[in-house]
Amino acid sequence: MSKVTISVAKGDGIGPEIMDAVLSIFNAANVPLDYEIIGMGKSYYDQGFGNGMMPEAMQSIERNGILFKGPMETPKGKGVKSINVTARKVWSTYANRRHFRTIEGVDTVYSKAGIPIDITVIRENIEDTYGGIEHMLSNDVALSRRFITRQGCEQIVRFAFEMAKKEGFKKVTCGHKANIMKLTDGLFLEVFYEISKQYPDIIAEDVIVDALCMKLVQYPQDFEVVVLTNLQGDIVSDLCAGLVGGLGFAPSTNVGDNISIFEAVHGTAPDIAGKNIANPTSLLMSGIMMLRHIGLLKEARAIEGALLYTIENGVHTGDFGDRSTKSANTTEFAEAIISNLGKFPTKVELRKTDDKSDFKLPQKPEKQRVMVGAPAEIEVVGIDIFLQSSFQAEDIAKKIQDVLPNGMKLVSLTNRGTVVWPEASVYTECSTGYGARITGETKSKDDYWNAIKVLGSVIDISSTEFLNIINGQRAYSLGQGK
Ligand code: NAI
């Protein structure tokens, strides 16, 4: 295999220290990689690059298809988006994959109880509230839009099953909240079971995310692969990190069809930056996943063996292990791993590595891809209008009814999702953000747009959504209490 070139961004805070440690281990293990060191992170925001990276950095990543990165600081302030999230989204790395395994030498309540843990969390990486599409509708009411798409669900669920098949896992669990978010998480769950049919040898099960958290803590040994939407996946990942000793022992990869990003899950640790005491294990483990991704299986196995052997033998940085023994600093920890190359742990098995890599250099598309699904029959039957008012629901209802065009009907008013008109409880406290549901005999969007215009003269409209019937099914939620 010819040498692969990867883009390396050392990052901020402890980033350069742990990246240097990891690259020193790669070099000692004769990993056949060339590195393009690129500029990304806080100092590039400070230099006026709005996305936190130099244009050459983008070109390097798009040419090489692999970014190996240290943690990066997101400057504080409302105007700046996280460079980490931006990188994942811009390059469509739709699958975030994190492994959480018991590591001999890292004490946890589970390791002490003899309960083995080997959980892989697959988290959708692009959609959900991480779209970051938020608006203040008034000084008091903030709105976040949560997009879940069929194509996004298909990508992540297929990734989870393919990974399970490749690595010999027997079960994939879907975590969700479809009992509350019936359309968004409902779509995720529906796609999960649809795709699971193509993998009859793998058990597919679903668990509501709150119960999942409890079960992961009570019976972590019952879980193998867990697939979730973005925010729930974020939370469940950290919970799983806690099961195996913390974020320092959790590798993370962000995989897309063209570009993939490998990074530590922790942040820049500003409190210990520059002291050469940070633990490079998370970044090293991500690097090992990167080597497997590229197909450097022999090197990945050798480095993983040396890492686990080193930890098993009690070598530790200050953040873990036996506090009564001296801690190694970052450089000493890396040197210990280097001196143990060729050795393997005695108490844990290494991950199976005889799978094949399908890594290929990115083929630059000519245009952005629009992911179009099967055609559907869509019928408009009404509109939801979101409005701001400090009036009581019955007063708002009257204003709307007075001007509503013939053939249209105000069905209900909701507040924070609860019906407050026509039936209501006086105990329901209302914010100044109301929703008005209007249905009509007409199926014409134009008629509804005209109605919105008329209504805009009597109420303060923030936004609207059409009420659709898609392929004969109601495609909008009901107000609470309906
Ligand atoms: P953090 O993970 O940087 O630190 C939390 C605590 O864990 C600190 O006490 C730190 O000293 C310790 N810690 C973290 N990594 C360690 C390591 N390798 N070895 C030893 N101890 C370690 O989280 P925090 O403080 O919330 O975030 C700091 C900055 O990092 C923020 O600007 C944040 O935006 C950024 N960040 C970047 C991420 C990325 O690049 N993917 C992920 C998370 C945060």
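When a ligand or atom number is given, it counts from 1 through the structure's own listing order.
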(request) For ligand 1, would you mind listing the residues that have at least one heavy atom less than 4.0 Å away, ordered by chain and number? (result)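 Within the 4.0 Å shell of ligand 1, which is judged on heavy atoms, sit Ile14, Lys69, Pro71, Met72, Glu73, Thr74, Asn84, Glu263, Val265, His266, Gly267, Thr268, Ala269, Pro270, Asp271, Ile272, Ala278, Asn279, Asp319.
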(request) Can you establish whether the number of heavy atoms outside Tyr193 located under 6.0 Å from its atom OH is more than 12? (result)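 Atom OH in Tyr193 is crowded, with more than 12 foreign heavy atoms closer than 6.0 Å.
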(message) Under a 3.5 Å threshold, yes or no: a donor from one side chain and an acceptor from the other, between Ser462 and Gln388?
(response)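 There is such a pair (donor and acceptor under 3.5 Å, judged by atom type) between the side chains of Ser462 and Gln388.
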(request) Output all residues satisfying side-chain contact (heavy atoms from CB on, under 4.5 Å) with Lys298, sequence neighbours left out; order by chain, then residue number. (result)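 Lys298 satisfies side-chain contact (heavy atoms from CB on, under 4.5 Å) with no residue once adjacent residues are dropped.
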(message) His99: which residues meet the ring pair (Phe, Tyr, Trp, His ring centres under 6.0 Å) condition with it, sequence neighbours left out?
(response)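 Once residues adjacent in sequence are excluded, His99 has no partner under the ring pair (Phe, Tyr, Trp, His ring centres under 6.0 Å) criterion.
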(message) Test: side-chain hydrogen bond (donor to acceptor under 3.5 Å, both in side chains). Region: residues 39-53. Which pairs qualify, not counting sequence neighbours?
(response)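 Found Lys42-Asp46.
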(request) Determine whether Arg123 and Arg97 make a side-chain contact, defined as any pair of heavy atoms from C-beta on separated by less than 4.5 Å. (result)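 Result no, sub-4.5 Å side-chain heavy-atom pair not found.
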